[in-house]
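Since the structure comes first, as structure tokens, the remarks are kept for the end.
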Amino acid sequence: MKTSYKILICAGTALITALSAAYSHLLLMPLIALGAYMAAEWGVIYLVPVLAGLFTVLIPGEPTAGAFATLAELLAIPLILAFGAKKKLPHRYVLLALAVVVCVGEYLSLTLDSMIAGKPPYEGAVELWNSGVVAPFEETLGGLPNGQDAVDSLREFASVLPDILMWACVLCGEAISLALVLLLRLWHRVFRTEPQKMADITLWRLPKSVIPGSILMGACIAAVYIFKLPNANAVAYSLGLMIASLFSVQGLSYLLFVFRFAKASKLIPALAIAFIVISLPWSGALLGVMGFTEQLRNRRALMLRFLEERKARGEIERMADEYAKYGYIREEFTGDPDPRDDDNKDDPVKED
């Protein structure tokens, strides 16, 4: 691609980033992934205008500590993504780093102002919920039949926010980090470049250390309740989500492997994924159980070994049938052709 086209794409990305940063952070995700792609493939200089455009996130209202936390998060994301793509780091390391940055960034953006003011960390999130969600719904639905009941339900949800705030940030970090990696790979497709190789999703498997790690996190959950620590529910929900989400991903991987092992139609996995999305969070719990049991028993290794043995057995049977039929086993030549064949291709007499 010509340098002039690269400059135009970079300028357009920076402009759209500047216009979007003040209004929608989700809309920024494809732009940030594009900036990381440009940095990894074209040069770090192409990322600078995109980073500059992110500073418009401070424009709405008076800049606060939470807004600066959001800015730091948005600036760190493309740098981590670009570094991982440039150095060809394993996807799991990039995902982990992004998840930590997004989780911490989102939590601080919602709680930092409250903590500086000497209030409970969740106070800002509760105020934001009441002013940004409850109040608009009350104006819209308050006069409708049963509208006030819906508004009261939303207002009661604010009492649950202190317990699920960290849980929501962890979930947000996991979802956004995965989306960013997939978006980066999508930009590779758009520009027809070769992305870093990713392991087949049907073969994804957690490391062996995940079992003792999960036991340790389970012990921490029990400890916060035994010692009656403050915000015990928030800690339990957050650690529980980390454990469950890891095994849920492995459960999904195992399920897709089973479909491939059974040579199911492509429509069946698509319908299964649609059902999983519709039935969340119950389907997530079921996948977590599947992933946990598969981690303990490693059924995929047994199934792969069975496939290899069946293939080897089939090859032996084929060779036996061929020997019985012809009296010898024909071996097809699979190496490089003899260069002498080119010299003799027009000669009716071939060398043996």
Side-chain angles (χ1 to χ4, degrees), residues 1-59 70-103 105-106 172-204 249 252-253 256 260 266-267 269-270 273-274 277:
M1 182 181 293
K2 294 181 179 179
T3 303
S4 58
Y5 291 158
K6 294 179 180 179
I7 293 174
L8 286 175
I9 294 173
C10 177
T13 304
L15 178 61
I16 300 174
T17 300
L19 295 175
S20 306
Y23 302 102
S24 174
H25 293 174
L26 287 179
L27 185 60
L28 285 175
M29 296 302 108
L31 301 171
I32 288 176
L34 177 55
Y37 170 83
M38 292 188 295
E41 296 294 325
W42 303 346
V44 179
I45 190 65
Y46 289 95
L47 181 59
V48 175
V50 179
L51 295 177
L54 292 173
F55 277 85
T56 56
V57 74
L58 300 175
I59 290 178
T70 300
L71 175 62
E73 172 195 348
L74 294 176
L75 291 176
I77 288 174
L79 294 174
I80 294 173
L81 200 58
F83 180 80
K86 186 71 174 178
K87 298 296 183 180
K88 304 294 184 182
L89 297 179
H91 288 88
R92 61 182 180 273
Y93 296 150
V94 178
L95 284 169
L96 178 60
L98 288 173
V100 170
V101 167
V102 174
C103 176
E106 292 298 313
C172 182
E174 293 178 345
I176 290 180
S177 61
L178 178 60
L180 285 166
V181 171
L182 295 179
L183 284 169
L184 179 62
R185 297 180 65 83
L186 178 62
W187 286 119
H188 275 282
R189 288 182 175 271
V190 170
F191 291 103
R192 298 180 180 180
T193 54
E194 186 67 25
Q196 182 181 354
K197 291 184 178 181
M198 177 181 285
D200 188 345
I201 187 173
T202 62
L203 299 178
W204 286 5
V249 172
L252 177 61
S253 173
L256 295 177
R260 176 176 292 185
K266 292 182 179 180
L267 179 62
I273 292 175
V277 173

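By the 30° and 60° cut-offs, the orientation of the rings of Tyr37 relative to Phe191 is parallel.
For the atom pair Ile9 CD1 and Tyr46 OH, the distance stands at 9.5 Å (nearest 0.5 Å). Leu15 CG to Leu31 CG: the interatomic distance, rounded to the nearest 0.5 Å, is 10.5 Å. Between the NZ atom of Lys6 and the CE atom of Met38 there is a distance of 11.0 Å, given to the nearest 0.5 Å. For the atom pair NE2 of His188 and CD of Gln196, the computed distance is 8.5 Å after rounding to the nearest 0.5 Å. A distance of 9.0 Å separates CE in Met29 from CG in Leu183, rounded to the nearest 0.5 Å. Note that CG of Leu180 and CZ of Arg185 are 14.0 Å apart. Values are rounded to the nearest 0.5 Å.
Residues Arg92 and Leu96 form no side-chain contact, since every pair of their non-hydrogen atoms from C-beta on lies 4.5 Å or further apart. Side-chain contact between Leu47 and Leu79: present, with at least one pair of heavy atoms (C-beta onward) separated by less than 4.5 Å. Using a 4.5 Å cut-off on side-chain heavy atoms (C-beta onward), Pro49 and Thr13 make no contact. At a threshold of 4.5 Å between non-hydrogen side-chain atoms, the residues Leu51 and Pro78 count as touching. Counting only heavy atoms from C-beta outward, the side chains of His25 and Thr70 approach each other to under 4.5 Å.
Taking every heavy atom of both residues into account, Leu256 and Pro269 meet most closely at CD2-CB, 4.0 Å. The two residues Ala21 and Val57 make their nearest non-hydrogen contact at O-CG2, 3.7 Å. Contact between Trp187 and Leu34 at its shortest, heavy atoms only, is NE1-N, 3.4 Å. Of all non-hydrogen atoms in Leu81 and Ala33, the two that sit nearest each other are CD2-CA, 4.0 Å. Nearest heavy-atom pair across Ser20 and Leu28 is CB-CD2, 4.1 Å.
The neighbour count for Lys88 NZ, taken as heavy atoms of other residues, nucleotides or ligands under 6.0 Å away, is above 12.
Annotation: salt bridge (Lys or Arg N to Asp or Glu O under 4.0 Å) contacts of Arg260 (sequence neighbours excluded): Asp200.
Distance alone, capped at 3.5 Å, places no donor-acceptor pair between the Ser177 side chain and the Leu98 backbone. For the pair Trp42 (side chain) and Thr3 (backbone), a donor-acceptor distance under 3.5 Å is absent.
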With side chain to side chain contact (heavy atoms under 4.5 Å, CB included) as the test, would you mind laying out the steps for Leu54 and Thr17 before giving the verdict? CA-CA 6 Å; Leu54 292 173; Thr17 300; 3.6 Å; yes

